[in-house]
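In what follows, a single structure is set out as structure tokens and then discussed.
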Amino acid sequence: MEQLRNYINGELTEPVSKTYLDNYEPATGEVYSQIPDSDERDVLLAFNAAKNAFESWSKTSLESRMMILMKVADGIEKRMDEFVAAESKDNGKPQKLARAVDIPRAVSNFRFYASALQHFASESHQMPGVGINYTLRQPIGVVGCISPWNLPLYLFSWKIAPALATGNCVVAKPSEITPYTAYLLSQVCIEAGFPKGVLNIVHGLGNKVGQAIVEHEGIKAISFTGGTETGKRIASVAAPMFKKLSLELGGKNPTIIFADCDFEEIVKQVVSSSFSNQGEICLCGSRIFIEKFIYEKFKEAFVAQVKTLKVGDPNNDDSNMGAIVSFQHKQKILSYIKLAEEEGGAILTGGNEVKLDGRCANGYFIEPTVIDGLDYKCRTNQEEIFGPVVTLTPFENEEDILMMANSVKYGLSATIWTNDLKRAHRVAEKVEAGIVWINSWLVRDLRTPFGGVKASGVGREGGWEAMRFFTEAKNVFIKS
Ligand code: NDP
């Protein structure tokens with residue numbers, strides 16, 4: 001069976017423990033590769049390599065840094081088919097989604113930050129007759145990047161690329177559940193001639209490898225995307241050590257539909273914002289609020305559309321939804337569907353596991369599930385499920401919807417569907433979220449700030465925000 005390797009000091013290495021963890025293909029439920037069960041000793045090796053590389057990497061010319069990041073992007077693009085197949089196999093997502101979104105976006109992340117680094121300028125503030133301030137933006141040193149399983153390479157590269165672009169060296173950990181494309185990335189880095197030690201990828205468990213990265217006193221910044229509880233744990237370790245922290249955490253996003261929306265168009269779009277990637281995108285809308293005048297009409301059209309979704313083998317191009325990422329996660333989602341019923345919800349469609357034939361007979365599949373009749377305060381409507389489960393709730397007016405939308409502890413994103421521009425602006429301003437889409441969903445411009453409020457996180461990624469996060473500002477004043 002194939003054994004993956006860590007990428008430390010420019011080489012593919014065995015974990016110090018020489019032990020491995022099983023890596024499952026969620027569509028078949030079978031183990032298909034093994035990943036290093038690394039621990040703090042591997043993190044230490046990675047840190048030492050990164051520290052040694054920092055002196056040279058931080059002084060590498062901007063143009064050379066740009067060229068090498070571009071080469072990595074080209075390297076991924078050249079092996080597109082391999083990356084697409086690997087991402088789909090590891091995560092369970094349909095191959096066509098990995099081809100349309102995940103892997104092209106990872107390529108874009110590297111290209112975007114490769115070009116951004118050449119345009120990232122220092123600020124200066126003149127004080128007439130007194131002098132001038134200029135603000136240096138210096139790399140931090142060795143930084144830690146920890147990413148989740150839902151958009152594996154997409155989110156991994158979203159952190160690594162700006163960290164490297166700003167002159168830092170990186171110790172990174174992909175999710176243990178979806179390590180494969182990070183492993184392919186390490187091969188691409190070797191092929192691209194990436195300098196040794198600048199990027200190090202340590203595979204393994206969160207509570208061993210992730211924890212060791214967070215606890216290492218020489219790693220001065222942590223960029224983390226994952227669950228809110230894990231974020232809390234990371235903050236409790238990193239904050240007393242005064243590390244810079246960027247936390248992109250969970251969500252329970254509202255989809256807000258006013259009666260004056262373009263009805264025909266939005267039904268399809270809301271199906272997509274609810275069930276893309278099996279609902280395992282932190283930006284999926286899981287609480288759908290509909291203005292009461294069109295509640296019944298929307299419910300009927302939406303449920304009819306959801307029933308047309310095909311759950312199937314991720315390798316088949318006609319599958320709209322693939323497998324849930326792991327057995328444990330499938331069980332968690334099913335337990336929430338049961339909870340919804342106990343809380344008085346009516347399942348309008350879905351609610352069950354899907355049993356497929358052939359190679360996917362033992363895979364982890366769940367029907368797209370739509371529930372209504374629940375109170376907005378119940379647990380099903382307050383807790384993150386992170387799967388193909390949405391609830392429908394009617395609302396009376398703007399005040400009512402804002403109260404319900406803002407009632408959760410999370411605040412990642414919100415989507416508003418209306419043709420009343422003034423109302424769209426009013427609601428966008430008052431909804432508690434870091435990202436709002438009006439009459440669209442998941443339109444991403446890499447220059448814009450990305451992140452959440454409340455329990456959805458601290459700090460922002462994207463554009464200059466990430467470049468600022470991965471640098472220390474040092475102000476210098478000169479008297480005139
Ligand atoms: P987790 O929080 O379980 O894990 C995220 C990463 O952290 C994994 O690499 C994990 O390793 C690691 N980890 C776990 N424990 C620790 C620890 N004690 N110290 C350091 N690292 C640790 O999240 P999931 O992977 O389950 O991802 C799903 C979550 O991510 C959802 O809540 C989702 O909303 C959120 N998310 C947020 C996004 C955003 O932008 N706000 C985007 C995408 C997802 P391991 O895999 O081995 O457990």
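We count ligands from 1, going down the list as the structure has it; atoms in each ligand are counted the same way. Hydrogens, waters and symmetry mates are skipped; everything else that's a heavy atom, side chains included, is used.
- E384 and Y410 share no side-chain donor-acceptor pair at under 3.5 Å.
- At distances below 3.5 Å, not a single donor-acceptor pair connects side-chain atoms of R379 with backbone N or O atoms of L339.
- The CG atom of N91 sits 5.5 Å away from atom CG of N277, with the distance rounded to the nearest 0.5 Å.
- Protein heavy atom nearest atom 21 (N) of ligand 1, with residue, atom name and distance: G210 CA, 3.5 Å.
- More than 12 heavy atoms of other residues, nucleotides or ligands lie within 6.0 Å of CZ in R426, so this atom counts as buried by the packing criterion.
- Of all protein heavy atoms, the one lying nearest to atom 24 (P) of ligand 1 is W149 NE1, 3.3 Å.
- Residue I371 holds its CD1 atom at 10.5 Å from OG1 of T393, rounded to the nearest 0.5 Å.
- For atom 35 (C) of ligand 1, the nearest non-hydrogen atom of the protein is G226 O, 3.2 Å.
- Put simply, the side chain of K96 gets close to the backbone of D317: a donor and an acceptor are under 3.5 Å apart.
- By the criterion of a heavy-atom distance under 4.0 Å, the side chain of E384, and not its backbone, is placed next to ligand 1.
- Between the side chains of T225 and K159, at least one donor-acceptor pair of N or O atoms lies under 3.5 Å.
- Closest heavy-atom approach to atom 15 (N) of ligand 1 within the set I385, T230, V237: this belongs to T230.
- Between the side chain of D90 and the backbone N or O of Y180, at least one donor-acceptor pair lies under 3.5 Å.
- Numbered from 1 in the order shown, with element, the atoms of ligand 1 that lie under 4.0 Å from a heavy atom of F450 read 40 (O).
- Protein heavy atom nearest atom 28 (C) of ligand 1, with residue, atom name and distance: F386 CE2, 3.7 Å.
- Using a 4.0 Å cut-off between heavy atoms, L283 makes no contact with ligand 1 at all.
- Checking T255, I288, I256 one by one against W417, the side chain to side chain contact (heavy atoms under 4.5 Å, CB included) holds for a single residue, T255.
- A donor and an acceptor atom, one from each side chain of T391 and N381, are located under 3.5 Å apart.
- Close approach of ligand 1 to R233 (heavy-atom distance below 4.0 Å) involves ligand atoms 18 (N).
- Atoms of ligand 1 lying under 4.0 Å from any heavy atom of G227, numbered from 1 in the order shown and given with element: 1 (P), 2 (O), 23 (O), 29 (C), 30 (O), 32 (O).
- Surrounding NZ of K332 are more than 12 heavy atoms belonging to other residues, nucleotides or ligands, all under 6.0 Å away.
- Judged by the shortest distance from any of its heavy atoms, S147 lies inside the 4.0 Å radius around the atoms of ligand 1.
- Close contacts of ligand 1 with L205, meaning ligand atoms under 4.0 Å from a residue heavy atom, involve 47 (O).
- The atoms of ligand 1 that sit less than 4.0 Å from any heavy atom of N150 are 43 (C), 44 (C).
- Put simply, atom 26 (O) of ligand 1 has protein non-hydrogen atoms near it, under 4.0 Å away.
- With a 4.0 Å heavy-atom cut-off, ligand 1 is reached by the backbone of L249 but not by any atom from C-beta on.
- Within the 4.0 Å heavy-atom criterion, the part of I146 lying near ligand 1 is the side chain and not the backbone.
- Atom 47 (O) of ligand 1 has as its closest protein heavy atom G206 N, 2.8 Å.
- Nearest protein heavy-atom neighbour of atom 7 (O) of ligand 1: F224 CE1, 3.1 Å.
- Residues satisfying the ring pair (Phe, Tyr, Trp, His ring centres under 6.0 Å) test with F302, not counting sequence neighbours, are F298.
- Residue contacts with ligand 1: Q211 is placed with a nitrogen or oxygen under 3.5 Å of a nitrogen or oxygen of the ligand (distance criterion only).
- Atoms of ligand 1 lying under 4.0 Å from any heavy atom of G204, numbered from 1 in the order shown and given with element: 47 (O).
- Residue contacts with ligand 1, taken as heavy atom pairs separated by less than 4.0 Å, involve L412 solely via side-chain atoms from C-beta onward.
- From the protein, the heavy atom lying nearest to atom 42 (C) of ligand 1 is C282 SG, 2.6 Å.
- In this structure, R105 is positioned above the aromatic face of W158, its NZ or CZ under 6.0 Å from the six-membered ring centre and within 45° of the axis.
- Contacts with ligand 1 closer than 4.0 Å are made by no heavy atom of L151, backbone or side chain.
- Those atoms of ligand 1 that come under 4.0 Å of a heavy atom in L155, given as number and element, are 42 (C), 43 (C).
- Protein heavy atom at the shortest distance from atom 46 (O) of ligand 1 is S175 OG, 2.9 Å.
- A donor-acceptor contact closer than 3.5 angstrom links the side chains of N23 and S33.
- Residues satisfying the side-chain hydrogen bond (donor to acceptor under 3.5 Å, both in side chains) test with Q211, not counting sequence neighbours, are E215.
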